[in-house]
Engineer: 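Let me give you the structure first, and then I'll get to my questions.
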Amino acid sequence: MNDKTQCDDRYTVPALQRGLQLLMQFSREERELTGAELSRRLQLPRASVFRMLHTLEQMGFVERADDGNAYKLGLAVLRLGFELLASMELTEYGRPVIEALRDRCGYAAHLVVRDGREVVFIAKAPGHNSLFQSIQVGARLPAHATVLGRLLLSDLDLPALRQLYPDEPLKAYTPRTPTTVEQLKAMIDADRANGYGVSQGGFETGISTIAAPVFNDRGEVAAVVSITVPGQRIDEQRLPALVDDVRTAAAQLTERISHLPHRGAWAPKSSDRKAA
């Protein structure tokens, strides 16, 4: 062993190394693993693996699978992934897209991802109206109460939504906020059928939002592109053109990050421009 290796080993934290190795055992093909299986793979005593799993579960990096015996990756791992995306590819590719969208329509444009039951703003192009200050990068909003969240939740079926929202009623922010998982799923399905979402005063009075999904290379919703329009209602004559602008921007970003066809992974029905 050379001096460099000895120096490297001296600064290695074995417990942290084993915890990271445990997390790396999970994959797309093996999403759920039992403590016994992890013990065999890592060649560690079951008691040691149990303590690691307990610690990781407390921190949200793993969670119990439905059967109660196996474990799967938790939302804290997803959060790390979102932070990485926010600092790299999504914002790198997304910023010029939303800036061009802002230049076309004049309104503040945003790029948003989901972190559990919240949506997180990771990029912003300020609007031309200096009197109206839109939401800032890093801000969080409740997913169930916003059109942004409904689009970001659209890959979840009803059981997955129930798991994400085990307690009812859901918090209401306006009379339009869904308060049950069934109501939320119905609104999600309606937006998915359209291929976009519009909220006119649906979350905050005096503010309207038009949003469209961005897909990754697996056809899953990875982010949402949106514009914020000051006003309780959007002019009906302008709405179709604004929807097309937002959907075009989302499709452009989809192509940049996933090389999917321009229309994205959904096959939306003919738009009737209904607002939620």
Engineer: Please tell me if the side chains of Y71 and E63 come closer than 4.5 Å, counting only heavy atoms from C-beta onward.
Structural biologist: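 Counting from C-beta outward, Y71 and E63 never come under 4.5 Å.
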Engineer: Would V246 and Y196 satisfy side-chain contact (heavy atoms from CB on, under 4.5 Å), going step by step from the backbone distance to the final call?
Structural biologist: CA-CA 9 Å; V246 175; Y196 67 92; over 6 Å; no
Engineer: Consider only side-chain heavy atoms of I, L, V, M, F, W and Y, link residues closer than 4.5 Å, and tell whether V137 and V224 are in one cluster.
Structural biologist: no
Engineer: Verify, without hydrogens or angle tests, whether S39 (side chain) and L44 (backbone) share a donor-acceptor contact under 3.5 angstrom.
Structural biologist: yes
Engineer: Heavy atoms only: give me the nearest A145-T177 pair and the separation to one decimal.
Structural biologist: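 Heavy atoms only, the tightest pair is CB-CG2, 3.8 Å.
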Engineer: Kindly determine whether L164 and R117 satisfy side-chain contact (heavy atoms from CB on, under 4.5 Å), including the steps that lead there.
Structural biologist: CA-CA 7 Å; L164 186 62; R117 291 184 287 188; 3.6 Å; yes
Engineer: Search all heavy atoms of V113 against all heavy atoms of A222 and return the closest pair with its distance.
Structural biologist: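 That closest heavy-atom pairing would be CG1-O, 3.6 Å.
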Engineer: Can a donor-acceptor pair be found, under 3.5 Å and without considering hydrogens, that links the side chain of Q183 to the backbone of T179?
Structural biologist: yes
Engineer: What distance separates M52 CE from L20 CG, expressed to the nearest 0.5 Å?
Structural biologist: 10.5 Å
Engineer: Quick check: does any side chain N or O of Q21 sit under 3.5 Å from a backbone N or O of L42, one acting as donor and the other as acceptor?
Structural biologist: no
Engineer: If you round to the nearest 0.5 Å, how far is CD1 of I98 from CG of D103?
Structural biologist: 11.0 Å
Engineer: Got L22 and R18 here, is their nearest side-chain heavy-atom distance under 4.5 Å?
Structural biologist: no
Engineer: Looking at V214 and A250, what are the two nearest heavy atoms and their distance?
Structural biologist: CG2-O, 3.9 Å
Engineer: L253 and L111: side-chain contact (heavy atoms from CB on, under 4.5 Å), yes or no, with the steps?
Structural biologist: CA-CA 10 Å; L253 186 51; L111 183 61; 3.6 Å; yes
Engineer: Check whether any side-chain N or O of R192 sits under 3.5 Å from a backbone N or O of S154 as a donor-acceptor pair, and report yes or no.
Structural biologist: yes
Engineer: Of all the heavy-atom pairs spanning G149 and V119, show the shortest one and how long it is.
Structural biologist: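 Closest heavy-atom pair between G149 and V119: CA-CG1, 3.5 Å.
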Engineer: Tell me the salt bridge (Lys or Arg N to Asp or Glu O under 4.0 Å) pairs involving residues 35-46, sequence neighbours left out?
Structural biologist: E30-R41, E37-R40, E37-R41
Engineer: Do E255 side-chain atoms and A251 backbone N/O form a donor-acceptor pair below 3.5 Å?
Structural biologist: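 No; judged by distance alone, with no hydrogens or angles, the pair does not exist.
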Engineer: Just by modelled atom types, is the V221 backbone N or O under 3.5 Å from a matching donor or acceptor in the D155 side chain?
Structural biologist: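 Pair found, side chain donor or acceptor close to backbone of V221.
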Engineer: Please round to the nearest 0.5 Å and tell me the distance separating atom CG of D115 and atom CD1 of I122.
Structural biologist: 11.5 Å
Engineer: Is it the case that the side chain of T34 and the backbone of N69 share a donor-acceptor pair, with hydrogens and angles ignored and the cut-off at 3.5 Å?
Structural biologist: no
Engineer: Give the minimum heavy-atom separation between I227 and C105, together with the two atoms involved.
Structural biologist: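 The answer is CG2-SG, 3.9 Å.
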Engineer: Quick check for you: to the nearest 0.5 Å, what is the distance between L33 atom CG and L38 atom CG?
Structural biologist: 5.0 Å
Engineer: Tell me, do L90 and I257 make a side-chain contact under 4.5 Å, heavy atoms counted?
Structural biologist: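 They are in contact (side-chain heavy atoms under 4.5 Å apart), so the answer is yes.
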Engineer: State whether the number of non-hydrogen atoms from other residues, nucleotides or ligands found under 6.0 Å of F26 atom CZ is greater than 12.
Structural biologist: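 Atom CZ in F26 is packed in, count exceeds 12.
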Engineer: Can a side-chain donor-acceptor contact be found between Y107 and R102 if the only test is distance below 3.5 angstrom?
Structural biologist: no
Engineer: Any chance you could lay out the side-chain contact (heavy atoms from CB on, under 4.5 Å) test for T146 and Y173, step after step, and finish with the verdict?
Structural biologist: CA-CA 10 Å; T146 61; Y173 294 83; over 6 Å; no
Engineer: Can you tell me how far apart OG1 (T248) and CZ (R104) are? Round to the nearest 0.5 Å.
Structural biologist: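 Those atoms lie 6.5 Å apart.
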Engineer: Taking the side chain as everything from C-beta on, heavy atoms only, tell me whether V112 gets closer than 4.5 Å to L152.
Structural biologist: yes
Engineer: If hydrophobic clusters are built by linking Ile, Leu, Val, Met, Phe, Trp and Tyr wherever their side-chain heavy atoms come under 4.5 Å apart, do L73 and F50 end up in the same one?
Structural biologist: no
Engineer: Mind listing the closest non-hydrogen atom pair of D191 and R150 along with its distance?
Structural biologist: OD2-NE, 2.8 Å
Engineer: Got a second to check how far T55's OG1 is from R51's CZ, nearest 0.5 Å?
Structural biologist: 9.0 Å
Engineer: Could you walk me through whether R162 and E182 pass the salt bridge (Lys or Arg N to Asp or Glu O under 4.0 Å) test, one step at a time?
Structural biologist: CA-CA 9 Å; R162 291 187 186 282; E182 288 82 1; 2.3 Å; yes
Engineer: Report the relative orientation of the aromatic rings in Y165 and H144; use parallel for angles under 30°, tilted for 30 to 60°, perpendicular for over 60°.
Structural biologist: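 Perpendicular, since the angle between the ring planes exceeds 60°.
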